[in-house]
Amino acid sequence: MAVAISSSTSLISSAWQATLQHYNNPRDYPLIPPCHSNPNPISNSFNFKRRPSSSSSSSSKFNDHALSSSSSSKLFPIPTLFSFSGCGCSWIQDKSMVHDYATSYGGASNKCYSLPTTKTVDVSSVSDLFEFICSGPLVDKIGITPERVGLSIDKWLLYGSQLCRLFQLNELKLTIPQKARLYHYYIPVFMWCEDQIALHNSKFHDGDDDVPPLVIGFSAPQGCGKTTLVFALDYLFKTTKRKSATVSIDDFYLTAQGQTELRENNPGNALLEYRGNSGSHDLQLSVETLEALTKLTKEGMKMKVPRYDKSAYSGRGDRADSSTWPEVEGPLTVILFEGWMLGFKPLPADVVKAVDPQVISTPFETIESRSTTHAIMKNSLLFLQLEIVNKNLEAYYDVWDKYIDAWVVIKIQDPSYVYRWRLQAEIAMRQAGKAGMSDEEVNDFVSRYLPAYKAYLPTLYAEGPSGSDPDRVLAIDIDEERNPILEN
């Protein structure tokens with residue numbers, strides 16, 4: 001099928017035409033076997049608490065399976081350890097919805113439709129894939145022109161093939177949600193990251209052996225899929241032989257003892273009773289880790305990256321033993337730093353007090369079940385609790401945000417999505433036979449974060465992260481199904 005683009009635009013170069021002819025010829029482009037046909041069963045035991053190591057040993061493991069453009073039709077067994085239980089990957093299981101962008105390329109609509117589980121898409125037609133890529137909601141935002149897609153279509157095919165292997169998908173029979181997640185979301189963001197790396201490296205002279213890695217911050221609410229996105233990006237960097245490291249703000253939580261001291265020093269403050277809000281992180285460890293990572297500029301330089309064990313102490317958590325921390329080896333090209341509150345800016349006290357008390361007080365207690373006097377006293381106390389969190393936030397720019405060179409901000413329309421996403425994850429974990437929070441516990445857990453979302457997301461979305469360069473911020477709007485959509 002020919003690509004339906006007017007010849008007057010002259011957008012498709014001879015390179016694209018040659019690629020199209022090559023890949024649409026089955027003799028030159030052997031059909032790739034379904035990824036689940038791997039004779040070696042893949043163990044589904046990956047736990048996101050154990051992030052992929054960027055050590056030299058794991059790097060060589062991944063690079064053994066990297067594909068060059070000359071061998072992009074071959075796939076190799078990739079020892080992926082991955083579990084979809086509770087990881088926010090509903091698109092893998094055909095339970096998501098996707099916006100109908102392709103119906104109006106160049107002026108995409110926001111029509112949303114549900115997809116039957118049997119709906120599949122054949123991606124063996126490169127011309128169809130080209131049109132699908134160009135219809136995505138991020139193409140204009142990150143400067144992906146049809147001409148650029150045509151010139152790099154072999155890379156899109158390679159990256160799509162690699163991600164199918166990573167997520168154990170049949171790349172010849174992708175459903176529309178699966179195809180959209182790869183070609184409308186993960187790969188475009190990876191392309192943007194590659195552009196940011198090129199821009200970063202252009203500031204240094206050729207031959208410099210002390211070029212620091214680019215630090216990309218990912219600010220996104222809990223449950224929206226940022227960990228899976230970063231996992232996919234980190235994997236693609238490894239397959240393209242770039243050394244990368246991943247780190248999360250979760251890795252910098254206080255030790256169990258430190259959390260106990262924080263709780264005792266803030267009696268009655270529900271926002272600091274457990275880990276999560278500003279004040280519950282080891283800021284010195286943050287500085288030491290980020291400083292050390294950015295100095296991994298030479299071969300042979302190594303360091304261990306802290307990790308946090310959320311399952312310790314019956315779910316209260318504790319820093320993982322240092323013997324289990326992954327080792328990272330330089331020279332690093334990029335550091336992927338993710339967190340739910342990255343980029344939050346402290347606000348004036350009057351703005352903090354303007355946050356709806358109903359959001360803060362429920363569901364800790366049902367106000368209707370208490371007297372009016374008690375409700376007023378409780379709301380006043382909760383205002384004070386958020387004011388303390390806001391005060392703590394003042395120290396965070398110097399320990400997190402100032403290290404970040406470029407940003408990906410994933411925006412949600414309603415903070416209440418977080419509750420639904422967390423509930424989905426916990427239900428999936430319970431159904432898989434794993435320990436998970438009850439619905440009431442999820443309600444209590446998420447409610448401790450909602451005040452911060454209510455207070456800080458509007459400024460983050462309107463002004464960008466603290467200290468950021470607007471030209472180096474990629475803002476991605478997603479819907480309740482975690483799909484990217486056109487900006488409102």
Side-chain angles (χ1 to χ4, degrees), residues 51 54 141-142 189-204 210-222 224-227 229-234 236-237 242-253 277-278 281-297 303 305-306 308 328 330-347 392-411 452 456-457 459-476:
R51 291 181 181 81
S54 296
K141 183 171 291 189
I142 64 178
V189 173
F190 181 71
M191 294 283 198
W192 180 85
C193 291
E194 289 273 77
D195 288 345
Q196 295 300 310
I197 291 173
L199 178 61
H200 174 75
N201 291 341
S202 69
K203 299 178 180 179
F204 300 89
D210 280 321
V211 178
L214 174 74
V215 182
I216 303 178
F218 294 79
S219 179
Q222 297 138 309
C224 73
K226 65 180 177 298
T227 303
L229 170 63
V230 168
F231 178 63
L233 296 175
D234 182 57
L236 287 177
F237 280 121
R242 292 181 183 269
K243 290 186 178 180
S244 57
T246 62
V247 65
S248 168
I249 65 172
D250 294 357
D251 299 324
F252 302 133
Y253 282 135
N277 284 291
S278 55
H281 302 88
D282 186 332
L283 302 187
Q284 184 60 35
L285 178 64
S286 301
V287 172
E288 293 173 355
T289 301
L290 294 172
E291 284 281 352
L293 282 171
T294 56
K295 292 177 181 176
L296 289 183
T297 59
M303 68 167 288
V305 181
Y308 191 81
V328 178
L332 289 180
T333 298
V334 62
I335 299 168
L336 308 177
F337 183 23
E338 57 103 343
W340 72 275
M341 55 174 285
L342 277 182
F344 282 10
K345 302 176 183 179
L347 301 171
N392 293 338
L393 190 60
E394 294 177 0
Y396 275 62
Y397 172 80
D398 286 332
V399 298
W400 288 353
D401 299 346
K402 80 172 185 180
Y403 291 95
I404 297 174
D405 305 299
W407 289 83
V408 175
V409 177
I410 300 175
K411 300 166 62 177
Y456 303 115
L457 285 185
T459 302
L460 176 67
Y461 294 169
E463 301 177 4
S466 55
S468 62
D469 178 352
D471 293 332
R472 306 199 69 180
V473 177
L474 175 61
I476 302 174

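Residue numbers start at 1 and run along the sequence shown.
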Between side-chain atoms of residues 467-474 and protein atoms elsewhere (two or more places apart, or another chain), which donor-acceptor pairs fall under 3.5 Å?
unit_1 : atom_1 : unit_2 : atom_2 : d
S468   : OG     : P465   : O      : 2.8
D469   : OD1    : D471   : N      : 3.0
R472   : NE     : Q196   : OE1    : 2.7
R472   : NH2    : Q196   : O      : 3.2
R472   : NH2    : Q196   : OE1    : 3.0

Please list, one pair per line, the donor and acceptor atoms closer than 3.5 Å that link side chains of residues 213-221 to other protein atoms, with sequence neighbours excluded.
unit_1 : atom_1 : unit_2 : atom_2 : d
S219   : OG     : L342   : O      : 2.7

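Ring pair F337/W400 is perpendicular by interplanar angle, where above 60° counts as perpendicular and below 30° as parallel.
Checking T246 against D234 by side-chain atom types alone, no donor-acceptor pair falls below 3.5 Å.
Taken from OG in S244 to CD1 in I335, the straight-line distance is 10.0 Å, to the nearest 0.5 Å. With values rounded to the nearest 0.5 angstrom, Y396 atom OH is found 5.0 Å from M341 atom CE. Atoms CD1 and CG, from I142 and D195 in turn, are 7.5 Å apart once rounded to the nearest 0.5 Å.
Put simply, the side chain of E291 reaches to within 4.5 Å of the side chain of Y403, judged on heavy atoms. Contact check for V189 versus I476: side-chain heavy atoms found under the 4.5 Å cut-off.
Heavy atoms only, all atoms of each residue included: K402 and D398 are closest at CE-O, 3.2 Å. For the residue pair G330 and K243, the shortest heavy atom distance occurs at O-NZ, 2.9 Å. The two residues F344 and S466 make their nearest non-hydrogen contact at O-OG, 4.4 Å. For D251 against Y308, the heavy-atom pair with the smallest separation is OD1-N, 3.7 Å. Nearest heavy-atom pair across W407 and W192 is O-CH2, 3.3 Å. Looking at every heavy atom in both residues, W340 comes nearest to N277 through CH2-OD1, 3.7 Å.
One N or O on the side chain of H200 and one on the backbone of P212 form a donor-acceptor pair closer than 3.5 Å. Side chain of T289 to backbone of S286: no donor-acceptor contact under 3.5 angstrom is found.
A side chain to side chain contact (heavy atoms under 4.5 Å, CB included) with E338 holds for exactly one of V408, T227, I410; it is T227.
Contacts of F190 classified as side chain to side chain contact (heavy atoms under 4.5 Å, CB included), with partners at least two apart in sequence or in another chain: Y159, E194, L233, L236, F237, T240.
Atom NZ of K141 sits in a crowded spot, with more than 12 heavy atoms from other residues, nucleotides or ligands closer than 6.0 Å.
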> Could you walk me through whether V399 and H281 pass the side chain to side chain contact (heavy atoms under 4.5 Å, CB included) check?
Replying inline: CA-CA 10 Å; V399 298; H281 302 88; over 6 Å; no

